[in-house]
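What follows is a short report on a single structure.
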Amino acid sequence: QDKEKLEICKLNDPPSAETVKDMIRYARNVIEEFRRAKHYKYILCLTLTPLVELLEICELSLDKMGAVFEDSNVYMLHMMYQAMGICLYVQDWEGALCYGQKIIRPYSKHYPSYSLNVASMWLKLGRLYMALKNRTAGVKALKRAIAIMEVAHGKDHPYISEIKKELEDH
């Protein structure tokens, strides 16, 4: 799956091997910078300003990497996941949903069928849809999460019961 995980844009004039190598180097550096900045800023103060700056880092990186990488590329997915996390933290439900919708298809392709990473993303999407009053999409996403979790955890797991109760309460 490495080819799929490192997929580059399908362009009439594909980027050179050197351009791809440079972008991979950039992606690795920005991910490391992001981790350091996130750690440093979260420890100092959890104000909105550092979070906005972190979201800007994600968005600028996604723009730059998007010129070479497909959205299914692991470097793109990593930055989208970070951006989604920031949106969730600042309660920007629409922004978080937008990133989650971009992430779920490649996650479903890259991870095994019953991966808890995929279930977790479906769970987040379901809760976001519910928060945004899109019950139909929310129920569908939560049911997909439950289906995966029943295989991974077993049908009697307390966490599954909790999610089913969430469905009943909405």
Please report the closest heavy-atom contact between [X] and [Y], naming both atoms and the distance.
X: S72; Y: H110; value: O-NE2, 2.7 Å
X: A119; Y: A145; value: O-CB, 3.5 Å
X: C87; Y: G95; value: SG-C, 3.9 Å

Mind running side chain to side chain contact (heavy atoms under 4.5 Å, CB included) on M79 and E59 for me, showing each step along the way? CA-CA 8 Å; M79 293 310 294; E59 290 169 348; over 6 Å; no

Non-hydrogen side-chain atoms of [X] and [Y] separated by less than 4.5 Å:
X: M130; Y: V139; value: yes
X: Y99; Y: L88; value: no
X: C9; Y: V68; value: no
X: K155; Y: I160; value: no
X: F69; Y: E7; value: no
X: I24; Y: M65; value: no
X: E70; Y: I8; value: no
X: K102; Y: M84; value: no

Donor-acceptor pair, [X] side chain versus [Y] backbone, under 3.5 Å?
X: S115; Y: Y111; value: no
X: N134; Y: Y129; value: no
X: S108; Y: I104; value: yes

[X] side, atom [atom1]; [Y] side, atom [atom2] - distance, nearest 0.5 Å:
X: S161; Y: D156; atom1: OG; atom2: CG; value: 7.0 Å
X: L62; Y: Y75; atom1: CG; atom2: OH; value: 14.5 Å
X: L167; Y: L142; atom1: CG; atom2: CG; value: 5.0 Å
X: Y107; Y: N117; atom1: OH; atom2: CG; value: 6.0 Å
X: E33; Y: L54; atom1: CD; atom2: CG; value: 11.5 Å
X: K109; Y: L77; atom1: NZ; atom2: CG; value: 9.5 Å

Start with the C-alpha gap between I163 and M149, add the side-chain angles, then the distance that decides, and say whether side chain to side chain contact (heavy atoms under 4.5 Å, CB included) holds. CA-CA 10 Å; I163 299 166; M149 294 169 85; 3.7 Å; yes

In one Ile/Leu/Val/Met/Phe/Trp/Tyr side-chain cluster, 4.5 Å: [X], [Y]:
X: I86; Y: W93; value: yes
X: Y26; Y: L60; value: no
X: L116; Y: Y159; value: yes
X: L6; Y: M23; value: yes
X: I103; Y: V90; value: yes

Indicate whether any N or O donor in one side chain lies under 3.5 Å from an N or O acceptor in the other, for E150 and Y114. no

Derivation and outcome, side chain to side chain contact (heavy atoms under 4.5 Å, CB included), residues L55 and Y89: CA-CA 11 Å; L55 188 56; Y89 191 85; over 6 Å; no

Count the heavy atoms belonging to other residues, nucleotides or ligands that lie under 6.0 Å from OH of Y81, then report whether that count exceeds 12. no

Under the criterion side chain to side chain contact (heavy atoms under 4.5 Å, CB included), I'd like the reasoning laid out for R127 against E166: C-alpha separation, chi angles, the key distance, then a yes or no. CA-CA 9 Å; R127 288 176 172 161; E166 262 182 72; 2.5 Å; yes

